[in-house]
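Reviewing the structure listed below.
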Amino acid sequence: VFSGTALINAHARCGRLQDARRAFDAMREHNVISWTAIISAYSKHNEFGEAFLFFERMLLSGVAPDKVTFMVLLKACASLVALELGKQVHAHIIKSSLNCNIFVGNSLIAMYAKCGSIGEAHQLFEKLHYFDRDVVSWTTLIAGYAQEGLGQEALDLFQQMVMEGIQPNDVTFVSILKACASVLVLEQGKRIHTHLIDGSLKAYLNVGNVLVDMYAKCGSIDHARQAFNTMQERD
RNA sequence: GAGCUAAUAAUGA
């Protein structure tokens with residue numbers, strides 16, 4: 001069962017879904033990990049119908065999904081922007097009492113945010129115990145507001161996050177700078193940029209790219225050029 | 001020992 005699951009994963013990484021399926025079928029028994037591996041395989045290649053078909057089969061076979069299964073399914077719902085399906089998965093999660101798990105909680109927030117239910121996403125964020133909220137929880141919500149075009153809310157959350165002592169990472173900066181770019185608030189973007197000056201995060205390729213983009217979109221081509229010139233790595 | 005959550009530009013249809 002262990003090597004069979006690894007084989008599913010190996011085929012999936014190479015995009016050989018039919019081989020992944022064969023590896024799954026060749027196993028004489030399936031556990032939660034092998035079920036999740038085949039669901040993830042289809043999901044990663046945007047075969048969401050197949051992914052959910054296998055989820056149904058998994059339930060019928062009597063194997064209980066775990067936190068990883070739910071994270072994979074919620075990511076699929078987010079990709080599909082399928083709110084109703086996401087709510088069904090949410091119901092399963094509550095039944096399994098996994099809604100208190102931080103990873104599942106973060107995936108739920110991301111799913112609701114991606115599906116346009118930012119209010120629901122924020123409520124779930126508030127329901128997380130404050131000591132559970134991590135950089136991913138904050139970043140997910142910030143990105144959700146940015147996606148909705150609510151740049152000010154994103155900026156407020158960023159400030160609150162810093163005040164609560166949570167260290168933003170490179171993904172957080174990408175999200176918040178994108179928010180600045182989308183609402184064209186150059187001054188805010190500059191202020192965020194100052195957070196980066198002393199840190200090592202500015203060396204990240206993704207952060208450098210979004211700094212260039214933010215300045216360019218805000219109409220400050222000189223700053224964009226300067227940001228480009230100081231990048232340690234470019235693509 | 002296997003499955004593992006958040007973010008980012010442009011172009012084209």
Side-chain angles (χ1 to χ4, degrees), chain A residues 1-13 20 23-24 27 29-44 51 54-55 58 63-79 86 89 93 98-114 118 121 124-125 128 132-148 154 157-158 161 166 168-182 189 192 201 204-218 224 227-228 231 234-235:
Chain A
V1 188
F2 301 127
S3 57
T5 305
L7 195 56
I8 294 171
N9 202 26
H11 284 309
R13 275 200 311 267
F24 179 85
M27 298 167 72
E29 56 182 7
H30 298 122
N31 61 12
V32 60
I33 299 185
S34 53
W35 278 109
T36 304
I38 192 69
I39 292 170
S40 171
Y42 282 118
S43 191
K44 272 183 197 146
F54 275 84
F55 177 54
M58 177 187 188
V63 174
D66 72 359
K67 57 177 168 37
V68 180
T69 318
F70 286 127
M71 290 187 291
V72 170
L73 291 171
L74 288 169
K75 194 188 177 85
C77 295
S79 306
V89 174
I93 290 168
L98 283 166
N99 47 325
C100 292
N101 177 276
I102 183 64
F103 289 89
V104 175
N106 287 342
S107 298
L108 277 168
I109 293 169
M111 184 278 291
Y112 280 108
K114 190 73 191 305
I118 191 68
L124 286 172
F125 175 86
L128 290 177
D132 274 344
R133 286 180 202 155
D134 62 11
V135 63
V136 175
S137 321
W138 284 94
T139 303
T140 304
L141 199 57
I142 287 171
Y145 278 110
Q147 182 198 275
E148 295 293 302
L157 272 172
F158 179 79
M161 173 186 185
I166 306 288
N169 65 13
D170 60 318
V171 178
T172 316
F173 279 105
V174 170
S175 303
I176 194 68
L177 289 168
K178 176 186 152 55
C180 293
S182 67
I192 302 289
L201 289 174
Y204 283 64
L205 181 58
N206 55 358
V207 174
N209 280 337
V210 78
L211 271 172
V212 174
D213 183 57
M214 186 271 295
Y215 280 125
K217 286 219 170 89
C218 291
F228 179 87
M231 287 174 78
R234 298 184 188 97
D235 67 4

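Lettering of chains follows the sequences in order, A, B, ..., and the numbering in each one begins at 1.
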[X] [atom1] to [N] [atom2], straight-line distance once rounded to whole Å:
X: A:Asn31; N: B:G1; atom1: CG; atom2: P; answer: 15 Å
X: A:Asp66; N: B:G3; atom1: CG; atom2: C1'; answer: 8 Å
X: A:Phe103; N: B:G3; atom1: CZ; atom2: C1'; answer: 14 Å
X: A:Met58; N: B:G3; atom1: CE; atom2: C1'; answer: 10 Å
X: A:Glu148; N: B:A7; atom1: CD; atom2: C1'; answer: 15 Å
X: A:Tyr145; N: B:A7; atom1: OH; atom2: P; answer: 16 Å

Hey, can you pull the donor-acceptor pairs under 3.5 Å for the side chains in residues 3-13 of chain A, sequence neighbours left out?
residue	atom	partner	partner atom	Å
A:Thr5	OG1	A:Val1	O	2.9

Applying side chain to side chain donor-acceptor pair (under 3.5 Å), can you list everything that pairs with A:Lys217, at least two apart in sequence or on another chain?
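In terms of side chain to side chain donor-acceptor pair (under 3.5 Å), with neighbours along the sequence ignored, A:Lys217 is linked to A:Asp213.
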Please enumerate all residues that pass side chain to side chain donor-acceptor pair (under 3.5 Å) together with A:Asn169, with sequence neighbours excluded.
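Result, side chain to side chain donor-acceptor pair (under 3.5 Å) vs A:Asn169: A:Thr172.
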What contact category does A:Thr5 fall into here, base, sugar-phosphate, or nothing, at under 4.0 angstrom with non-hydrogen atoms?
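Base, at least one base heavy atom under 4.0 Å.
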At a cut-off of 3.5 Å, list every protein nitrogen or oxygen paired with a nitrogen or oxygen from nucleotides 8-13 of chain B, distance to 0.1 Å.
none

With sequence neighbours excluded, tell me which residues meet side chain to side chain contact (heavy atoms under 4.5 Å, CB included) with A:Ser43.
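Partners of A:Ser43 by the side chain to side chain contact (heavy atoms under 4.5 Å, CB included) criterion, ordered by chain and then number, come out as A:Phe48, A:Ala51, A:Val72, A:Ala76.
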Qualifying residues under side chain to side chain contact (heavy atoms under 4.5 Å, CB included), relative to A:Ala216, sequence neighbours excluded
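A:Ala224.
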Could you check whether A:Trp138 and A:Phe125 have their ring centres less than 6.0 Å apart?
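Ring centres of A:Trp138 and A:Phe125 closer than 6.0 Å.
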